[in-house]
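Have a look at the structure below, then the notes.
Throughout, numbering of the chain's residues begins at 1 and tracks the sequence.
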Amino acid sequence: MVDSTDSYKIIDDILSKDLLDIINKTLFTTNFSWYYNEYTVAKNPKKYKNSYEHFQFTHWIILNSKINSNAVSMLAELIKPLPFNFEQIVRAKLNFLPQYRVESNRDKHNIPHTDLERKHKVAIIYLDDSDGFTYLFNKDATVLKKISPKTGRVLLFEGHMYHASSHPIDSKKRIVFNIDYIE
């Protein structure tokens with residue numbers, strides 16, 4: 001499936017199952033470090049309709065264009081079929097959102113935000129099937145698109161677009177590679 005507008009593009013099955021299996025096995029060994037973050041976005045959740053904040057775990061790979069992890073080879077393999085190269089990456093991290101039953105409301109999401117102040121593009125690579133959706137927002141803060149995580153799915157969009165994750169309600173976890181790059 002390819003779903004596309006001027007603002008975003010969703011591509012399914014661009015990544016091989018073998019590569020995704022290797023990556024997922026790597027992420028769940030005792031040698032891989034996940035780091036606790038109290039919030040997904042450090043902003044006041046009260047000013048956004050249907051938003052909440054809950055903790056997540058992250059693993060930074062590239063921050064401010066500097067390599068910060070031994071997981072770089074994993075990232076390099078993941079981006080091979082994507083429309084950018086390694087030198088264009090400004091920021092890359094893994095996000096692990098655990099299950100959270102937020103008032104059992106499936107239309108709630110984390111804080112809408114942009115990743116960087118500068119002009120950039122975003123690639124979100126879904127590493128598992130989950131009910132922890134990604135939300136893309138119109139300029140008037142209404143939901144433009146609600147994207148369901150599917151293993152191997154890639155979401156590409158303009159960096160100025162507000163977006164938000166959501167913790168899964170039924171699934172145990174939601175894991176994505178979040179990559180910010182410039183052209």
With rounding to the nearest 0.5 angstrom, report the CG to CD1 distance, L78 to I23. 3.5 Å
F57 and F96 aromatic centres sub-6.0 Å: yes
Taking the side chain as every heavy atom from C-beta outward, state whether I179 and I79 have any atom pair closer than 4.5 Å. yes
Whether Y100 and H54 hold their rings parallel, tilted or perpendicular, with breakpoints at 30° and 60°: parallel
Do you reckon L94 sits in the same ILVMFWY cluster as Y35, going by side-chain contacts under 4.5 Å, direct or chained? no
Is there a donor-acceptor pair under 3.5 Å between the side chain of D129 and the backbone N or O of T151? yes
I'd like to know if the side chain of S130 and the backbone of P168 have a donor-acceptor N/O pair within less than 3.5 Å. no
Does K173 pair with D128 as a salt bridge, N-O distance under 4.0 Å? yes
Would the distance check show the side chain of N110 and the main-chain N or O of S165 forming a donor-acceptor pair, the cut-off being under 3.5 Å? yes
Geometric class of the Y135/H109 ring pair [parallel <30°, tilted 30-60°, perpendicular >60°]: tilted
Between E77 (side chain only) and L19 (backbone N and O only), is there a donor and an acceptor less than 3.5 Å apart? no
Gap separating the NE2 atom of H120 from the CD atom of E183, nearest 0.5 angstrom: 11.5 Å
Measure the spacing between CG of L136 and OG1 of T142 and express it to the nearest 0.5 Å. 11.5 Å
E53 and T40 side chains, donor-acceptor separation under 3.5 Å: yes
Check: T58 side chain, W60 main-chain N or O, donor-acceptor pair, under 3.5 Å: no
In this structure, CD1 of I22 is separated from OG of S16 (nearest 0.5 Å) by 7.5 Å
If you draw the axis of the six-membered ring of Y126, does the NZ or CZ of K150 fall within 45° of it and under 6.0 Å from the ring centre? no
Hey, is D107 close enough to K146 for a salt bridge, meaning N to O under 4.0 Å? yes
Salt bridge present between R91 and D115 (N-O < 4.0 angstrom): yes
With clusters defined by side-chain heavy atoms of hydrophobic residues (ILVMFWY) lying less than 4.5 Å apart, directly or transitively, does L97 cluster with F177? no
Run the salt-bridge test on R153 and D13 with the 4.0 Å N-O cut-off and return the result as yes or no. no
When clusters are formed by joining ILVMFWY residues with side-chain heavy atoms under 4.5 Å apart, either directly or through shared neighbours, do L27 and L75 land in the same one? yes
Heavy-atom donor-acceptor pair, N37 side chain to Y39 backbone, under 3.5 Å: no
Chi angles and distances behind the salt bridge (Lys or Arg N to Asp or Glu O under 4.0 Å) call for K145, D3: CA-CA 11 Å; K145 184 78 174 174; D3 178 1; 2.8 Å; yes
Between I89 and S65, is there a side-chain heavy-atom distance shorter than 4.5 Å? no
Please determine whether residues V176 and L116 belong to a single hydrophobic cluster, defined as Ile, Leu, Val, Met, Phe, Trp and Tyr linked transitively by side-chain heavy-atom distances below 4.5 Å. no
Are the side chains of F86 and V72 in contact, using a 4.5 Å heavy-atom criterion? yes
Given side chain to side chain contact (heavy atoms under 4.5 Å, CB included), test D180 with K121 step by step and report yes or no. CA-CA 6 Å; D180 297 311; K121 294 189 181 246; over 6 Å; no
Any side-chain heavy-atom pair of L144 and Y8 under 4.5 Å: yes
I need the minimum non-hydrogen distance between T26 and T29, along with the two atoms involved. O-OG1, 3.3 Å
Is there a salt bridge (Lys or Arg N to Asp or Glu O under 4.0 Å) between D21 and K25? Walk through the geometry before answering. CA-CA 6 Å; D21 286 346; K25 285 178 185 165; 5.7 Å; no
Are I111 and Y162 packed together at the side-chain level, in the sense that at least one heavy-atom pair is separated by less than 4.5 angstrom? no
Closest heavy-atom pair, P98 versus H167, reported as atoms and distance to 0.1 Å, is O-CD2, 3.1 Å
Does a sphere of radius 6.0 Å around CG in D6 hold more than 12 heavy atoms from other residues, nucleotides or ligands, not counting ones at 6.0 Å or beyond? no
Donor-acceptor contact below 3.5 Å, side chain Q88 vs main chain I182: yes
What distance do N95 atom CG and I124 atom CD1 have between them, rounded to the nearest 0.5 Å? 8.5 Å
Any donor-acceptor N/O pair, S171 side chain to D131 backbone, under 3.5 Å: yes
So which atom in T114 and which in H160 form the shortest heavy-atom distance, rounded to 0.1 Å? CG2-O, 3.5 Å
Do V122 and L156 touch side chain to side chain, with heavy atoms closer than 4.5 Å? no
Measure the acute angle between the ring planes of Y181 and F84, then classify it against the limits of 30° and 60° as parallel, tilted or perpendicular. parallel
State the CE-NE2 distance between M74 and H59, to the nearest 0.5 angstrom. 6.5 Å
Take V154 and L82, measure what side chain to side chain contact (heavy atoms under 4.5 Å, CB included) needs, and give me the verdict at the end. CA-CA 9 Å; V154 176; L82 300 178; 3.8 Å; yes
Nearest heavy atoms of V90 and I62, plus distance in Å: O-CG2, 3.5 Å
Should the pair H113 and H163 be assigned to parallel (<30°), tilted (30 to 60°) or perpendicular (>60°) ring geometry? tilted
Would you check if the side chain of T134 reaches a backbone N or O of I147 as a donor-acceptor pair within less than 3.5 Å? no
